[in-house]
Amino acid sequence: MKALRIHKPKDVRVDNVDDPSIEDPRDAIIRVTSTAICGSDLHIYNGLVPQPRPMSLGHEFMGIVEDVGAEVTNLKKGDRVVVPFPISCGRCYFCTHHLPTACENSNPNYGVRSGLLKEKGGALFGYTDLYGGYEGGQAEAVRVPYADYGPRKVPDSLTDEQVLFLTDILPTGWTAIDKAGLKGGETVAVFGAGPVGLMAMKSAWIQGAGRVIALDRQGYRLDMARTAANAETIDVDDEDPVDRIFELTGGYGADVVVDAVGMEAEHDLGVLERVHDIVAKHQGGSLEVFHQAVTACKRGGFLSVVGVYTTEYDNFPLGQMFDKGIGYWGGQALVHNYIDQLLQLIETGKLRTDDIITHTLPLDQAPHGYDIFNKKEDNCAKVILKP
Ligand SMILES: NC(=O)c1ccc[n+]([C@@H]2O[C@H](COP(=O)([O-])OP(=O)(O)OC[C@H]3O[C@@H](n4cnc5c(N)ncnc54)[C@H](O)[C@@H]3O)[C@@H](O)[C@H]2O)c1
Ligand SMILES: [Zn+2]
Ligand SMILES: [Zn+2]
């Protein structure tokens with residue numbers, strides 16, 4: 001079968017690989033009908049998350065069940081399912097305590113301490129050997145472990161485009177807002193109007209925000225934040241984002257700030273900074289947006305970080321966060337906890353997410369999809385691949 005594989009940074013190819021097969025009684029094989037490219041894939045593509053051997057990428061996928069292992073009784077051949085991107089066993093301490101991303105069983109590199117390079121949380125589909133080495137879903141078919149726990153059946157009345165984002169970006173945006181515990185009427189500022197930021201904005205309205213402010217440096221993505229997520233917008237290239245948030249909030253700052261940019265923040269650099277940045281890139285990118293997010297947050301406010309950061313960072317603004325009494329949550333999205341509730345919101349028409357799709361391509365054109373999504377060319381916001 002065909003699969004999109006990373007060979008080295010900026011080198012992804014559609015290769016012929018072996019078909020997946022049942023390796024464990026809890027496995028299922030899914031024939032992929034739709035899969036998306038994520039900002040998280042770009043960290044591997046750009047070399048910030050290294051992958052030493054060719055591996056198929058993709059953790060946002062859905063499709064038709066082709067085969068199930070002996071212990072998978074909830075699914076049968078022909079079922080149409082969406083699959084959460086974290087691989088979780090459903091039975092360990094963390095899976096049974098609403099922390100599926102901390103699954104103790106799915107990742108050979110699992111570590112209780114973390115902080116050490118080779119100690120990670122639960123595994124993720126198509127996300128390098130460090131996160132379990134599972135082949136990804138940007139492929140014609142994929143092996144899904146613990147298939148009696150993760151995949152959710154979706155009704156035929158909904159298109160792939162309507163439900164695909166239940167696999168990742170919608171629960172990710174939703175988690176960021178839910179962790180902030182809105183009481184109603186809050187001002188929510190979202191750094192990054194990419195797919196994840198847009199889902200956070202949509203989630204903020206449904207969870208009771210009074211105001212949603214989007215920040216980005218791509219005009220066409222800010223347009224989308226206005227049209228698809230009804231947000232006020234700040235172009236960070238035109239004005240100082242922090243000053244502008246204080247202006248818009250009567251000098252207080254935003255009640256809730258979401259960092260949906262992460263370590264690959266783009267910013268203007270002086271010569272010295274440029275040298276530092278080249279070194280820093282190899283050490284895990286930039287804290288630029290994180291600093292702005294902390295500064296723009298109201299005293300006593302809440303900061304949710306869903307943009308990815310992979311290493312330790314010097315100059316982390318802990319004193320500033322302490323002085324302001326800012327609440328914090330960051331991490332991989334708790335997809336399993338929210339997916340059923342979110343499917344209901346889509347089914348009842350209270351939430352739509354397919355309005356951010358700008359490109360639908362055959363799997364063969366996936367390398368082009370990566371290129372334009374990474375360079376933000378052709379007004380690309382979200383690419384769907386059809387294997
Ligand atoms: N925590 C999770 O579970 C989870 C899940 C999915 C994605 N993510 C992460 O969320 C982040 C966003 O993902 P995405 O798919 O939306 O990716 P994306 O790359 O399309 O979006 C990032 C956006 O940030 C903007 N940006 C860059 N520099 C900026 C700056 N200095 N100020 C303001 N905006 C800036 C970009 O223009 C872009 O629109 C990535 O880091 C991704 O890995 C996390
Ligand atoms: Zn993703
Ligand atoms: Zn588990």
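Scope of the values below: all heavy atoms of this structure, side chains included, with no hydrogens, waters or symmetry mates.
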Which atom names give the shortest non-hydrogen contact between Val68 and Ile22, and what distance separates them? C-CD1, 3.8 Å
Sidechain-backbone polar pair: Asp255 side chain, Thr187 backbone, donor-acceptor under 3.5 Å: yes
In one Ile/Leu/Val/Met/Phe/Trp/Tyr side-chain cluster, 4.5 Å: Leu75, Ile64: no
If the threshold is 4.0 Å, N to carboxylate O, is there a salt bridge linking Glu135 and Arg143? no
Nearest non-hydrogen partners of Ile245 and Ala254, listed with the distance: CG2-N, 3.9 Å
Report the C-alpha distance between Thr233 and Arg226 in whole Å, list the side-chain angles of each, state the deciding distance to 0.1 Å, and finish with yes or no for side chain to side chain donor-acceptor pair (under 3.5 Å). CA-CA 7 Å; Thr233 55; Arg226 280 190 292 272; 2.5 Å; yes
Got a salt bridge between Lys2 and Asp364, using NZ or NE/NH1/NH2 to carboxylate O under 4.0 Å? yes
Atom CD in Glu140, atom CD in Glu66: separation rounded to 0.5 Å? 10.5 Å
With side chains defined as the heavy atoms from C-beta onward, is the minimum distance between Leu361 and Ile384 less than 4.5 Å? no
Centroid separation Phe290 to Phe191 less than 6.0 Å: no
Co-membership, hydrophobic cluster, residues Val196 and Leu222, 4.5 Å side-chain: no
Under 3.5 Å: donor-acceptor pair, side chain of Thr35, backbone of Glu60: yes
Residue pair Asp11 / Ile6, side-chain heavy-atom distance below 4.5 Å: no
The reported gap from CG in Leu170 to CD1 in Ile346 (rounded to nearest 0.5 angstrom) is 5.5 Å
Is there a side-chain contact between Asp340 and Leu343, using heavy atoms and a 4.5 Å cut-off? no
Report yes or no: do Leu385 and Ile372 belong to one cluster of Ile/Leu/Val/Met/Phe/Trp/Tyr joined by side chain heavy-atom distances under 4.5 Å? no
Glu119 side chain to Ser114 main-chain N or O, any donor-acceptor pair under 3.5 Å? yes
Tell me if a side-chain donor or acceptor on Glu239 pairs with a main-chain N or O of Val236 at a distance below 3.5 Å. no
Are Tyr328 and Phe302 an aromatic pair by the rule of ring centers under 6.0 Å? no
Within the side chain of Arg80, is there an N or O that forms a donor-acceptor pair under 3.5 Å with the backbone of Pro155? yes
Go through it in stages, so that I can follow the logic: the residues are Gln218 and Asn379, the test is side chain to side chain donor-acceptor pair (under 3.5 Å), and I'd like the CA-CA distance, side-chain angles, deciding distance and then a yes or no. CA-CA 9 Å; Gln218 298 293 336; Asn379 288 348; over 6 Å; no
Aromatic ring centroids of Phe373 and His359 under 6.0 Å? no
Would one find more than 12 heavy atoms of other residues, nucleotides or ligands at under 6.0 Å from atom CD of Gln344? no
Pro241 vs Gln292 side-chain heavy atoms within contact, under 4.5 Å: yes
What's the spacing between Gln138 CD and Ile37 CD1 if we round to 0.5 Å? 5.5 Å
Ignoring hydrogens and geometry, is there a side-chain-to-backbone donor-acceptor pair from Asp323 to Gln320 under 3.5 Å? no
Side chain to side chain, Thr167 and Phe85, heavy atoms closer than 4.5 Å: no
Side-chain contact, heavy-atom cut-off 4.5 Å: Tyr146 with Ser88? no
Test Val65 against every option in Ile29, Val81, Val144, Val72 by the side-chain contact (heavy atoms from CB on, under 4.5 Å) rule and name the one that passes. Val81
Lys10 side chain to Asp371 backbone, donor-acceptor under 3.5 Å: no
Do Tyr149 and Tyr131 sit in the same hydrophobic cluster, where Ile, Leu, Val, Met, Phe, Trp and Tyr count as joined when their side-chain heavy atoms come under 4.5 Å apart? no
Pairwise distance CG(Asp355) to CZ(Arg352) - rounded to 0.5 angstrom: 4.5 Å
Check whether any side-chain N or O of Arg26 sits under 3.5 Å from a backbone N or O of Cys89 as a donor-acceptor pair, and report yes or no. yes
Any donor-acceptor pair under 3.5 Å linking the side chain of Tyr127 with the backbone of Ser40? yes
CZ of Phe246: more than 12 outside heavy atoms within 6.0 angstrom? yes
Is the shortest heavy-atom distance from the side chain of Ile357 to the side chain of Glu161 under 4.5 Å? yes
For Ala214 and Ala231, work out which heavy atoms get closest and say how close. CB-CB, 4.0 Å
Would a distance-only check, ignoring hydrogens and angles, find a side-chain to backbone donor-acceptor pair under 3.5 Å from Arg152 to Gly150? yes
Test applied, side-chain contact (heavy atoms from CB on, under 4.5 Å); reference residue, Gln207; option that passes from Asp178, Val188, Val256: Asp178
Would you say Ile44 and Thr128 make side-chain contact, with heavy atoms under 4.5 Å? yes
